[in-house]
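Notes follow the structure.
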Amino acid sequence: MELNFSPKFAQKIFEGEGGTYYSWSSSEYELLKEAKVGGGRLVLQPRGFAFPHYADSNKIAYVLQGSRGVVGMVYPKESQEMVLKIKAGDIIPVPTRAISWWYNDGDSELVVVFLGETSKAYVPGEFTYFLLAGTLGILGGFSAEFNSRAYNLNNEEAEKLAKSQAGVLLIKLGEGQKMPQPCKNRTDKIVYDIGAASPDFHVQNAGLLTVLTEKKFPFIGEVGLSAILVKLEGKAMSSPIYAADSSVGVIYVAKGSGRIQVVGINGASVLDTELKAGHLCVVPRFFVASTIADGEGMEYLSMLTTTQPLFGEFIGETSVWGALSPEVIQASLNLTPEFEQVFRARIKKSTILVPPHD
């Protein structure tokens with residue numbers, strides 16, 4: 001079966017007064033299932049509240065929009081939740097073992113994209129959520145008898161506990177309904193502002209590239225993932241690169257537009273297409289990918305299924321071409337010694353982010 005590598009937009013799963021949840025379907029985008037990765041996007045309206053839940057997949061949350069978001073997390077064997085303030089540019093790792101809820105305490109939309117690996121998911125390529133509350137909640141699945149005995153309630157109280165919430169996945173809280181205040185001292189350990197972090201690469205007229213690994217942010221090791229934020233200026237290029245550690249890449253386009261080319265097995269061009277804001281694109285293991293921004297620039301987050309990514313680069317000081325001996329390059333590419341020297345010199349002068357041509 002030939003896989004479709006074309007980037008996809010998310011599909012609407014639920015919409016209510018409190019907000020909307022979108023997901024990428026592995027049946028529509030089968031590469032998600034093959035690569036064992038997934039994605040979802042949460043849009044919370046002001047006072048929108050996503051019920052406490054856990055999921056079958058490790059993932060990272062990246063805040064695309066909003067300045068007064070709140071997330072609460074509870075871990076097994078812990079007696080108290082951590083309540084954290086989040087804003088645009090933040091990354092929050094969400095392990096499978098964590099119960100989390102999300103709330104928009106601001107006056108504009110809070111938008112969060114989730115990217116993760118689904119190797120242990122019930123549906124490969126998708127996240128499955130287990131809700132604690134609402135009409136799809138765990139409480140409602142048990143009988144009044146079981147709930148009454150488990151929570152030391154009478155049958156009437158047990159019925160009220162399980163059936164009072166008529167919401168499904170997320171709701172809008174009423175004016176004046178209070179929510180917990182964020183912790184003051186724990187945010188830096190659980191939340192990382194990749195948008196404000198010092199970039200690993202900054203090339204004039206080309207853009208920024210910031211790599212987030214376990215070394216920089218130890219808590220991301222809890223989900224076994226890493227992330228790369230790429231901000232390309234107009235017409236700039238992110239040069240061809242591949243993950244030499246066999247990790248899978250998932251690209252989410254946050255802003256702008258551009259083009260992507262991906263080359264796979266036997267040198268086949270598996271993808272040469274336009275990227276738009278909201279697109280999700282999967283780069284399989286060892287495949288080589290490169291992007292070029294349109295005139296207004298492009299910003300995207302790439303998730304990798306490893307905590308310490310290792311890249312193979314084709315230009316720059318650590319280029320694989322530059323490391324090969326002149327004789328090998330001449331024989332491999334059928335070049336004259338003179339052109340091989342020109343090629344090598346040009347490689348050394350280039351960088352991972354390439355400014356537009358004059």
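- Counting only distance, with no hydrogens or angles, the side chain of Asp193 and the backbone of Gly195 share a donor-acceptor pair below 3.5 Å.
- Between the Arg259 side chain and the Ile292 main chain, no donor and acceptor come within less than 3.5 Å of each other.
- No donor-acceptor contact under 3.5 angstrom links the side chains of Ser143 and Glu145, judged on distance only.
- Counted by atom type alone, Glu157 and Ser148 present zero donor-acceptor pairs between their side chains at under 3.5 Å.
- A side chain to side chain contact (heavy atoms under 4.5 Å, CB included) with Leu115 holds for exactly one of Val37, Leu225, Leu280, Leu304; it is Leu280.
- Within the 3.5 Å criterion, the main-chain N or O of Thr307 finds no donor-acceptor partner in the side chain of Ser226.
- Side-chain atoms of Thr118 never come within 3.5 Å of backbone atoms of Ala121 as a donor-acceptor pair (strictly under, hydrogens ignored).
- Checked against the 6.0 Å centroid criterion, the rings of Tyr21 and Trp102 do not qualify as a close aromatic pair.
- In this structure, Arg68 contributes its side chain and Asp105 its backbone to a donor-acceptor pair below 3.5 Å.
- Judged by distance alone, with hydrogens and angles left aside, the side-chain atoms of Ser290 form a donor-acceptor pair with the main-chain N or O of Ser238 at under 3.5 Å.
- Between His279 and Tyr252, the ring center distance fails the sub-6.0 Å criterion.
- Ring pair Phe49/Phe51 is perpendicular by interplanar angle, where above 60° counts as perpendicular and below 30° as parallel.
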